[in-house]
Amino acid sequence: MQLTKYEEDMYNGEYGEGKAECMEILVSLGKIYNAEKMVPITSAQVSGVSYKTIGDAGLDFVVDLGKKADVELETMLNPAGVDIENWKELGFSEEFTKKQIDIIKGYESIGVMSTCTCTPYLIGNTPLLHEHVAWSESSAVCYVNSVIGAKSNREGGPSALLAAIVGRTPYYGNHITDNRKADMIFDVDYDFTTEAEIGALGYYVGQIVNDKNPYFRLNSNPGRNNLKTLGAALASSGAVSIYHVENVTPEAEFAKNHETFNETEVINIDSEIIKESLDGLSTTDKIPDLVCLGCPHASISEIQKVATLVKGKKLKKDLWICTSQAIKAISKQCGYLDIIEAAGGKIVSDTCMVVAPVEELDYEVIGVNSAKAANYVPNMCKLDVVYDTVENLIKLIS
Ligand code: F3S
């Protein structure tokens, strides 16, 4: 790999043992992927935060790294395993929470912002078009590449953290413009009206394309919230890290600009396929004892919608809306938090239904409106899921 003088100096330890170790690992990674050089990045987003997923080994890794190096650019954390402020009220154990707080403190000690969210782009970590970044949460990677048009590979938590410490990442994959072009075309003849339908589309297409780049022709612009949902679904049933939507996403025009893009070779998707995919995402038809929204973490407009739906109601079952502390604070300012709490719901920050140890609480069936959550909850939490729209889920527990 071709390194600059500064990169070589870091590699050789002139900027400390921590940076040298990070460079060594990143260069080895670059060699595996035939990267010819490193590329400077402007931000990082680090997954591998929940004690449920990284355990004591992950905690030791963060503490150990913290003794040697700091991050040198804007770096945000993915969701943790508990709501840091309201863990007790939600029923999480003190033992788990203590470990979780140690992990977060470890990240904070090296300069990582403990935002604990998978939607960092909703709270200020919003790169510009074509900027190089190193993000690791798969839904956020899909959003940053596809909707924002910045460039990130689907990093692992450790590789994103190492990149944040040295300010660069190996130049391969999505960092190379040509690799961002579309591979398969999907003509979707369906008028989407709900997030559950668009999630069902993403879930279906992700299984077909795996790590290829899908190109969608939709009847209309689905909007930012639904693009967030679509990317999360694509990245969970497949390994998609970038998709394009004609006349909507910033690189769509560029994406079809190559000789193998054959306008006539398309996969047609109709209402039958969407319905089948949607129905296949539920594992039971029982009434959920918890409805859990906000996967990926909810935007303020998604929370506003829930507040409208539950206003004046007394919910019969639990309702969580997962988001960041920052969006929760805005919800309070706008009055949505009070409305939701008056109905018996909760805005849960820092965590989500997949990375929290929900299986240790007293629930059997979770209602979700996210195809990603519907895909992961049965395995990660060993619980049944009901997959439906936010309107229908609220109706079920009202
Ligand atoms: Fe985010 Fe958890 Fe879903 S990390 S994308 S809310 S599984």
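Bear in mind that the values here come from a model prediction, so they are computed numbers and not experimental data.
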Please, which pairs that meet ring-ring contact (aromatic ring centres under 6.0 Å, His included) have at least one residue in [range], sequence neighbours excluded?
range: residues 288-343; answer: none
range: residues 225-248; answer: none
range: residues 4-41; answer: Y6-Y15, Y33-Y172

Are K52 and E359 ion-paired here, with the side-chain N under 4.0 Å from a carboxylate O?
->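 Yes, charged N to carboxylate O under 4.0 Å.
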Sidechain N-carboxylate O distance under 4.0 Å for E94, K88 |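 A salt bridge is absent here (no side-chain N lies under 4.0 Å from a carboxylate O).
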Output the distance between atom CG (L293) and atom CD1 (I321), rounded to the nearest 0.5 Å.
->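 Rounded to the nearest 0.5 Å, the CG-CD1 separation comes out at 6.0 Å.
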Going from CZ on F192 to CD1 on I198, what distance comes out if it is rounded to the nearest 0.5 angstrom?
->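 Interatomic distance, F192 CZ to I198 CD1, rounded to 0.5 Å: 4.5 Å.
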For [X], check side chain to side chain contact (heavy atoms under 4.5 Å, CB included) against everything at least two apart and list the hits.
X: N213; result: D183, I242
X: K286; result: T284, V365
X: K332; result: L337, D338

Linking Ile, Leu, Val, Met, Phe, Trp and Tyr by side-chain heavy atoms under 4.5 Å, what else ends up with I176?
->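 In the cluster with I176 are V39, Y171.
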Linked hydrophobic residues, I41 as query - side chain contacts closer than 4.5 Å |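 The other cluster members (ILVMFWY side chains, heavy atoms under 4.5 Å, direct or chained) are L73.
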Which heavy atom of [X] sits nearest to which heavy atom of [Y], and what is that distance?
X: A371; Y: Y203; answer: CB-CB, 4.1 Å
X: V266; Y: D187; answer: CG2-OD2, 4.0 Å
X: S237; Y: G206; answer: OG-CA, 3.3 Å
X: G30; Y: M1; answer: CA-SD, 4.0 Å

Pairwise salt bridge (charged side-chain N to carboxylate O under 4.0 Å, His left out) hits with a residue in residues 138-163, at least two apart |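 Salt bridge (charged side-chain N to carboxylate O under 4.0 Å, His left out) check on residues 138-163 returns no pairs.
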Which residue pairs pass the salt bridge (charged side-chain N to carboxylate O under 4.0 Å, His left out) test with at least one member in residues 21-37, sequence neighbours excluded?
->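 Checked against salt bridge (charged side-chain N to carboxylate O under 4.0 Å, His left out) - neighbours excluded - the pairs reaching residues 21-37 are E21-K68.
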Please assess E131 against T42 for the test side-chain hydrogen bond (donor to acceptor under 3.5 Å, both in side chains), listing each intermediate value before the final yes or no.
-> CA-CA 7 Å; E131 275 186 10; T42 55; 2.7 Å; yes
With Q325, which residues qualify under side-chain hydrogen bond (donor to acceptor under 3.5 Å, both in side chains), at least two apart?
->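 By the side-chain hydrogen bond (donor to acceptor under 3.5 Å, both in side chains) rule, Q325 matches D350.
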With sequence neighbours left out, write down each residue that passes side-chain hydrogen bond (donor to acceptor under 3.5 Å, both in side chains) with E108, or none if nothing qualifies.
->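 Applying side-chain hydrogen bond (donor to acceptor under 3.5 Å, both in side chains) to E108 gives S114.
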Answer yes if L26 and V112 sit in the same cluster of Ile, Leu, Val, Met, Phe, Trp and Tyr residues linked by side chain heavy atoms under 4.5 Å apart, and no otherwise.
->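 Linked, L26 and V112 end up in one cluster.
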Are S299 and N225 close enough that a side-chain donor and a side-chain acceptor fall under 3.5 Å?
->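 On atom types as modelled, these side chains qualify, holding a pair under 3.5 Å.
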